[in-house]
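I have placed the structure first, in the form of structure tokens, so that the comments after it can refer back to it.
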There are 2 protein chains.
Amino acid sequence: MDDFEKVHGYLRGRGLRRTDARRSIVDGALRADGHYTADELLEKLRASGERVSRASVYRTLALLVEGGFVETREFRRGQTMFEPVLGRHHHDHLICTGCGAIVEFENDEIERLQEETARKHGFRLERHSLRLYGRCATCLSA
Amino acid sequence: MDDFEKVHGYLRGRGLRRTDARRSIVDGALRADGHYTADELLEKLRASGERVSRASVYRTLALLVEGGFVETREFRRGQTMFEPVLGRHHHDHLICTGCGAIVEFENDEIERLQEETARKHGFRLERHSLRLYGRCATCLSA
DNA sequence: TTCGATGCAAAATTTTTGCAGCTTA
DNA sequence: TAAGCTGCAAAAATTTTGCATCGAA
């Protein structure tokens with residue numbers, strides 16, 4: 001079962017319907033590599049000939065986030081970015097404050113310490129958001 | 001020199017003026033314990049008789065963030081929260097997805113690994129944002 | 001046939017900005 | 001007096017919602 005089947009299975013299980021708009025938005029949202037805003041996704045879909053509304057893009061992205069297929073990131077204030085995570089490795093982000101470049105990284109030790117910290121405070125950890133801001137090598141040498 | 005002197009010194013150094021509105025906003029912004037939105041700060045100031053505009057609250061908070069006296073947090077989408085950090089220990093946050101409780105924590109080992117990670121990718125780390133989301137003990141037992 | 005879904009436009013939120021008048025240095 | 005500041009209201013920018021219509025099951 002591929003990712004798309006999995007998502008549509010999830011939606012069906014919740015009594016939601018398989019429509020053209022939904023299908024193309026899910027497709028675009030999962031297929032995109034990297035991060036995108038709701039508006040960027042809308043533009044991309046329209047550019048490839050899909051006829052969907054902005055409202056449906058927001059509504060469908062919300063469903064995908066709820067289902068855990070897509071995650072939101074707030075790299076910059078007031079602009080939610082989305083990123084597909086289904087079948088991909090969990091990772092966090094380094095953001096360059098100079099050029100805006102975004103680098104993904106994984107660090108199991110940090111993950112472990114987060115778990116430990118949550119437990120120590122009586123929390124059952126569900127998810128986390130870790131962003132490191134700084135200057136990238138290119139900006140530093142410029 | 002107390003915190004307020006420090007901030008006003010910083011502002012003076014940048015050729016900015018000491019006005020009534022600025023003084024009361026700086027005061028409210030630094031004195032608040034915990035996190036607040038721009039609007040909450042505005043309400044608090046007005047409740048205590050200060051006559052300031054929403055625009056000035058936003059403008060002054062931006063100055064304080066630039067100066068490193070206040071930091072922004074995005075616990076929930078689309079709502080920037082501010083927190084004074086002058087003279088306080090750096091810390092990160094655990095957020096309960098049930099009741100919204102916010103718990104502060106410090107973990108030097110995580111800090112160290114963040115530095116190391118940034119360096120490994122050629123970044124000079126400037127700041128970071130770490131939020132752990134989960135269920136707190138109270139919500140778990142309810 | 002019944003609900004859920006869609007598109008559109010209006011509304012809601014949060015933050016920023018233009019501007020005329022006021023204040024500080 | 002010059003350069004900042006302020007408040008207000010309008011503008012921006014992003015996301016949500018009401019509603020009539022459409023379409024999937």
Side-chain angles (χ1 to χ4, degrees), chain A residues 4 7-29 35-46 49-67 70-83 100, chain B residues 4-5 7-29 35-46 49-67 70-83:
Chain A
F4 303 93
V7 172
H8 286 298
Y10 167 81
L11 296 176
R12 202 177 312 123
R14 306 191 19 160
L16 303 178
R17 292 174 181 173
R18 188 163 198 162
T19 65
D20 286 347
R22 194 111 86 193
R23 191 156 24 216
S24 60
I25 296 169
V26 166
D27 200 84
H35 321 87
Y36 49 86
T37 63
D39 224 56
E40 285 167 357
L41 177 55
L42 176 67
E43 285 315 312
K44 203 180 76 171
L45 291 172
R46 287 189 169 164
E50 310 283 350
R51 285 196 299 325
V52 293
S53 66
R54 175 174 283 100
S56 288
V57 169
Y58 275 103
R59 286 188 278 232
T60 301
L61 282 172
L63 288 175
L64 293 175
V65 169
E66 262 184 66
V70 164
E71 288 182 1
T72 60
R73 321 276 184 203
E74 303 250 359
F75 296 132
R76 293 197 308 254
R77 202 203 55 60
Q79 186 168 61
T80 304
M81 303 207 83
F82 298 86
E83 177 177 13
Chain B
F4 303 94
E5 292 297 320
V7 172
H8 287 298
Y10 166 81
L11 296 177
R12 203 178 312 121
R14 305 191 19 162
L16 304 179
R17 291 173 182 174
R18 188 162 198 162
T19 65
D20 287 346
R22 195 111 87 193
R23 190 155 27 217
S24 60
I25 296 167
V26 166
D27 200 83
H35 320 89
Y36 49 86
T37 63
D39 224 57
E40 284 166 358
L41 177 55
L42 176 67
E43 285 315 311
K44 204 180 75 172
L45 290 172
R46 287 189 169 164
E50 309 283 351
R51 286 196 299 327
V52 294
S53 66
R54 175 174 283 101
S56 288
V57 169
Y58 275 104
R59 287 187 277 231
T60 301
L61 283 172
L63 288 175
L64 293 174
V65 169
E66 263 185 65
V70 165
E71 288 182 0
T72 60
R73 319 276 184 204
E74 304 250 358
F75 296 132
R76 291 197 309 253
R77 203 206 55 63
Q79 185 167 63
T80 303
M81 305 208 82
F82 298 86
E83 177 177 14

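The structure presented is a predicted model; accordingly, all values stated were derived computationally and were not measured. Here is the naming used below: chain letters follow the sequence lines, and residue numbers restart at 1 for every chain.
If you check distances only, the side chain of A:Arg14 never reaches the base of C:dG4 with a donor-acceptor pair under 3.5 Å. Checked by distance alone, B:Arg59 brings a side-chain donor or acceptor within 3.5 Å of a matching partner on the base of D:dG7. Side-chain atoms of A:Arg17 and base atoms of C:dC3 include a donor and an acceptor less than 3.5 Å apart.
The line from CD of A:Glu74 to CD of B:Glu74 is 5.0 Å long, rounded to the nearest 0.5 Å. With rounding to the nearest 0.5 Å, the separation of CD1 in B:Ile25 from CG in B:Leu63 is 9.5 Å. Note that the CG atom of B:Leu11 and the CG atom of B:Leu64 stand 7.0 Å from one another [nearest 0.5 Å].
Of the candidates D:dA25, D:dT15, C:dT24, the closest approach to any side-chain atom of B:Thr19 belongs to C:dT24. If you check C:dT15, C:dT17, D:dG4 against the side chain of B:Arg22, the one that comes closest is D:dG4.
Taking the six-membered ring for Trp, A:Phe82 and A:His35 have ring centres at least 6.0 Å apart.
For A:Leu11 and D:dA25, the CG to P distance is 11 Å, given to the nearest whole Å. Distance A:Tyr36 OH to D:dT14 C1': 17 Å, rounded to the nearest Å. What separates CG of A:Leu16 from P of D:dG23 is a distance of 19 Å, to the nearest Å. Distance, A:Gln79 CD to D:dA12 C1': 13 Å, rounded to whole Å. In this structure, A:His8 places its NE2 atom 14 Å from P of D:dA24, rounding to the nearest Å. What separates CD of B:Glu74 from C1' of D:dT15 is a distance of 14 Å, to the nearest Å. At whole-Å resolution of the value, CG in B:Leu61 and P in C:dT16 are 10 Å apart. Taking atom CZ of A:Arg12 as the reference point, atom C1' of C:dG4 lies 16 Å away to the nearest angstrom.
Using a 4.0 Å heavy-atom criterion, one finds that B:Ala21 contacts the sugar-phosphate atoms exclusively. Among the protein residues, A:Thr37 comes within range of no part of the nucleic acid, since none of its heavy atoms lies under 4.0 Å from any strand. Across all strands, B:Arg54 comes closer than 4.0 Å to base atoms (heavy-atom distances).
Considering only side-chain N and O atoms, B:Tyr58 lies under 4.0 angstrom from the phosphate OP1 or OP2 of C:dT15. The phosphate of D:dG7 (OP1 or OP2) has a side-chain N or O of B:Ser56 nearer than 4.0 angstrom. Of the side-chain N and O atoms in A:Thr80, none sit less than 4.0 angstrom from OP1 or OP2 of D:dT14.
Side chains of A:Tyr10 and A:Arg14: a donor-acceptor N/O pair is present below 3.5 angstrom, by distance only.
With the nearest nucleotide of DNA chain D identified for both B:Gly15 and B:Arg46, B:Gly15 has the one nearer the 5' end. Nearer the 5' end of DNA chain C, as judged by each residue's closest nucleotide, is the contact made by B:Met81, out of B:Met81 and B:Asp20.
Checked by atom type and distance alone, the side chain of A:Tyr36 pairs as donor or acceptor with a backbone atom of A:Ala29 at under 3.5 Å.
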